[in-house]
Amino acid sequence: MKLNPLTKFVTVIVYCLLLFLFSSIYVVAGLFAVPFVLYIRNFKINRFIVVFSLFIFGINAVFIQGDLYYKMEYSLRIVLRFLGIVFSGMLFSREDPNEFAHSLMRVGLPYRYGMTMVLTFRLIPLFSAESMMIKKAQMARGVDLEGISSLVNVVRYTFLPWIYSGLERADALTLSMEGRCFGIYRKRTFYKESIFSHYDYVWLIFLAGVLWWSL
Amino acid sequence: MIEVRNYSFRYNKEWVLRNITLAIDRELIVITGKSGSGKSTLALSIAGFLKDTGAHKGKILVSGKNIEDFDLFELAQKIGMIQQDPESQICTMSVEDEIAFGLENLCHNKQEIEKRIEWALSIVNGHDLRKRSTNSLSGGEKQKVAIASVLVMKPDVIIFDEPTSNLDVETTKEVMRVIRKIKKKADISAIVIEHKWKHIYMYADTLYEMNSGELRRIENPPDIVYNGYKNEVGQPLLEIKGLEFSYERKVLGGIDLTVNEKEIIGIMGPNGSGKTTLLMCIMNFLQYKGDVLLRGKSIRNKKTPDIARNIGIVFQNPNHQIFENTVYKEAGFACKNFHMDFDVDGLLEKSDLMKYVNNNPFRLSYGEKRRLNIVSVLSYKPEIILLDEPFIGQDYENVQKIMDLLKGTTCLMVVHDPFIAETFCSRILELRGGVLHEVKSTH
């Protein structure tokens, strides 16, 4: 059973709502456990998240008024909600962005915006490779990338090559896309099969039910 | 059928195309000529991308109709265009999406698209690419996908604007065979514009040469004669000992190489064989096993900027290594960073860039940018210069100019063109399977 990325996106949104709709610490902990378990089964936890959670916990525990039990419960709830959002978001970020963009277009997002999304995802690795390359070229020409003056240097000497190669890329892309009739009609067809299955509909109805019940 | 009748074009004052007459009907023509001779302008004119810029005389007819009377999309269905850099013309994330892109825009249905994708892939010999993601393709594969994505729209003619200048010799031949097959199997005319015609002209039905905006038909390809030289070789300068590098798989498996003073060494090998990686290791951009010695001293643990003082490097894309806003400042950029006095007048004169000293370097032509890159490295007199495919997109004249600039300098260069390698390199090595092999002859 594989759910559509859009269904998963809706799930994440509903999940985050639920985290805030319930205030019982047990329910929040239970909700938190779902993405957490899914996450640690497959991926490693970043140390920054742990440190940051402890930080949030500490800040809340210090500044909230009340007895010790209330302080602890309140801070823990905040941290669990925070982590719930983080882990569910991180799980979602593993989805194929291409499929996500296509699903959005399928449910009515105008294709110009949808294809812009696809293009952005396509270009991100190129831009990051380009930035790495520019940085290497800077080092090879003796640009000082250490110390206080480095930040100024990085900004100053990265901007120009970035802009110019970006402009050239934009030219080539325009030629390539217009040359293949992008934007000729208001609608366009899609070659890929509709990617919504029965499971998606069943799951979405279930989510709607849960949300309705908890409201 | 395309007819160009007494066509002239200018962007501003000077005519870039002069009185061009050309008729193409189901043939494969190759147009050669120096950079800046107007080849690309002709391609863009025929494809209708210059309709709203500049001024023109004469006309271009497509199936008997003036291109002025077509709208952009109508013309796009008749004339397809493939550009030089395959990377920058791919706009989706999977090969299937990319090939379907044009047909989806034209609102074809699924069955039709399916049929045509199959057909296009069979012509470019690319069935194995179908399920791949576009980011995972090699340069040659990307170009095949780009070709299939235009071919699938069944235009009357496809214009290839320097389709092979980023590719090695083997891949160039393969792409040319694909273009030949398109003409034969799909009955689509092809206009191939390329200054690197040496591995290309034999595929053409008709050959043309462009010279300062004038087009003429030629029977035989023009001769290339390089004014070659060989530097006098001195003491060992750079020694690479058992250099190994792995990235997911083993890329370099024990490289041993000694570069002597004033020697020019050419490294060849197929795309993706690790040539660039080797240069990156020497500069310490990548962590490697083994050792690299400069004049007998290990530079393995030195920082890149310190290594760069003695070892200059020129990267592939000229745009990524221009940082200043005038040509003069750019030429002295590295000197300034290394706190040296600089005198670049001589180098700028020699590289024919003196007339641009106060211009913005990004506005130079591709060939001029490349020369500027080399000047800005030569200016601080490193002991050895590493060059990563410096001749990509360069015409014969510019190759000669670049090599003249490098005369007397120790060079380790990655090069695709065996002819250049044989003319200028004292030694040619081939990187294959992660190891260097001496090449006696490239034939």
Side-chain angles (χ1 to χ4, degrees), chain A residues 96-99 101-102 111 115 118-119 121-123 125-126 130-146 153 156-185 187-193, chain B residues 44 47 49 72-73 76-77 79-81 83-85 87-94 96-97 100-110 113-114 117 133-135 146 149-150 153 280 283 285 304-305 308-309 312-313 315 317 319-325 333-334 337-338 362 376-377 380:
Chain A
D96 179 359
N98 191 36
E99 244 179 81
H102 273 93
Y111 76 84
M115 291 313 284
V118 172
L119 196 59
F121 294 130
R122 148 105 185 104
L123 291 180
L126 286 188
E130 211 156 62
S131 310
M132 292 294 289
M133 213 55 228
I134 292 170
K135 195 177 166 203
K136 282 179 182 156
Q138 289 170 343
M139 288 162 85
R141 298 284 192 280
V143 177
D144 185 10
L145 294 175
E146 280 172 10
N153 280 343
R156 184 166 162 206
Y157 297 126
T158 307
F159 196 63
L160 271 182
W162 233 64
I163 291 291
Y164 278 96
S165 52
L167 286 177
E168 268 181 23
R169 197 178 290 290
D171 268 351
L173 263 175
T174 313
L175 216 71
S176 159
M177 290 172 77
E178 279 187 349
R180 285 181 287 158
C181 297
F182 183 73
I184 179 169
Y185 305 123
K187 297 251 174 218
R188 86 201 274 274
T189 51
F190 289 94
Y191 164 69
K192 279 209 179 103
E193 282 288 327
Chain B
L44 290 171
F49 284 110
L72 181 68
F73 293 128
Q77 290 171 64
I79 301 178
M81 183 136 171
Q83 304 171 68
Q84 177 178 347
D85 179 12
E87 184 78 86
S88 57
Q89 53 192 320
I90 288 176
C91 56
T92 61
M93 298 180 74
S94 80
E96 261 180 0
D97 282 350
F101 185 79
L103 298 177
E104 290 175 337
N105 291 331
L106 291 171
C107 292
H108 283 282
N109 65 32
K110 193 176 148 28
I113 296 178
E114 168 66 37
I117 290 180
S133 91
T134 46
N135 285 334
S149 71
V150 167
M153 299 174 73
M280 294 298 163
M283 295 304 290
F285 286 125
T304 301
R309 177 61 193 85
I313 182 165
F315 296 97
N317 188 334
N319 281 332
H320 295 164
Q321 39 193 330
I322 293 178
F323 306 102
E324 287 285 8
N325 52 13
F333 180 68
N337 294 325
F338 290 125
F362 286 102
S376 71
V377 171
Y380 70 92

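Quick note: numbers below take in every heavy atom, side chains included, and nothing from hydrogens, waters or symmetry partners. To find a chain, count down the sequence lines: A is the first, B the second, and so on, and within it residues start at 1. Because the structure is a prediction, the values reported are computed rather than measured.
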Mind running side chain to side chain contact (heavy atoms under 4.5 Å, CB included) on B:Phe101 and A:Arg188 for me, showing each step along the way?
CA-CA 10 Å; B:Phe101 185 79; A:Arg188 86 201 274 274; 3.4 Å; yes

Just so I know, are the side chains of B:Gln321 and A:Pro161 near enough to count as touching, which here means a heavy-atom distance under 4.5 Å?
no

All heavy atoms of B:Asn135 vs all of A:Pro125, minimum pair found to be ND2-CG, 3.7 Å

Examine whether an atom of B:Phe73 lies under 4.5 Å from a heavy atom of chain A, and if so say whether it belongs to the side chain, the backbone or both; otherwise answer neither.
both

Value for CZ (A:Phe190) from CD1 (B:Ile113), rounded to nearest 0.5 Å, stands at 10.0 Å

Kindly give the heavy-atom pair with the smallest separation between B:Ala76 and A:Gly179, and that separation in Å.
CB-O, 3.5 Å

Close side-chain approach of A:Ser176 and B:Met81, heavy atoms under 4.5 Å:
no

Toward chain A, the part of B:Ile90 with a non-hydrogen atom under 4.5 Å
both

Between A:Thr189 and B:His108, is there a donor-acceptor pair closer than 3.5 Å when you use the side chain of the first and the backbone of the second?
yes

Pair count under 4.5 Å, heavy atoms only, with chain A: among B:Ser376, B:Gly80, B:Ser88, highest is B:Ser88

Quick one: sort the B:Phe333 and A:Tyr157 rings into parallel, tilted or perpendicular, breaks at 30° and 60°.
perpendicular

Whatever's closer than 4.5 Å to a heavy atom in chain A on B:Phe315 counts as side chain

Looking at A:Met177, A:Arg141, A:Lys187, which has the largest count of heavy-atom pairs under 4.5 Å with chain B?
A:Arg141

Rounded to the nearest 0.5 Å, how far apart are CD1 of B:Ile322 and CG of A:Leu160?
10.0 Å

Quick one: what part of B:Ser149 sits under 4.5 Å from any heavy atom of chain A, side chain, backbone, both or neither?
both

Should B:Glu87 and A:Arg122 count as an ion pair when the cut-off is N to O under 4.0 Å?
yes

Which heavy-atom pair separates B:Phe338 from A:Ala140 by the least distance, and what is that distance?
CZ-O, 4.5 Å

Which heavy atom of A:Met139 sits nearest a heavy atom of B:Ala308, and at what distance?
O-CB, 3.9 Å

Side-chain touch B:Gln77/A:Ile184, heavy atoms, less than 4.5 angstrom:
yes

Identify which of B:Asn105, B:Leu44, B:Asn337, B:Asp85 forms the greatest number of heavy-atom pairs closer than 4.5 Å to chain A.
B:Asn105

B:Cys91 versus A:Arg180: any side-chain heavy-atom pair under 4.5 Å?
yes

Side-chain (B:Glu104) to main-chain (A:Tyr191) donor-acceptor, under 3.5 angstrom:
yes

For A:Ser165 and B:Asn319 the tightest heavy-atom approach is CB-CB, 4.1 Å

Heavy-atom pairs under 4.5 Å with chain B are the metric here; pick the option from A:Glu168, A:Lys136, A:Lys135, A:Arg156 that has the most.
A:Lys136

Do the side chains of A:Leu175 and B:Gln83 get nearer than 4.5 Å, heavy atoms only?
yes

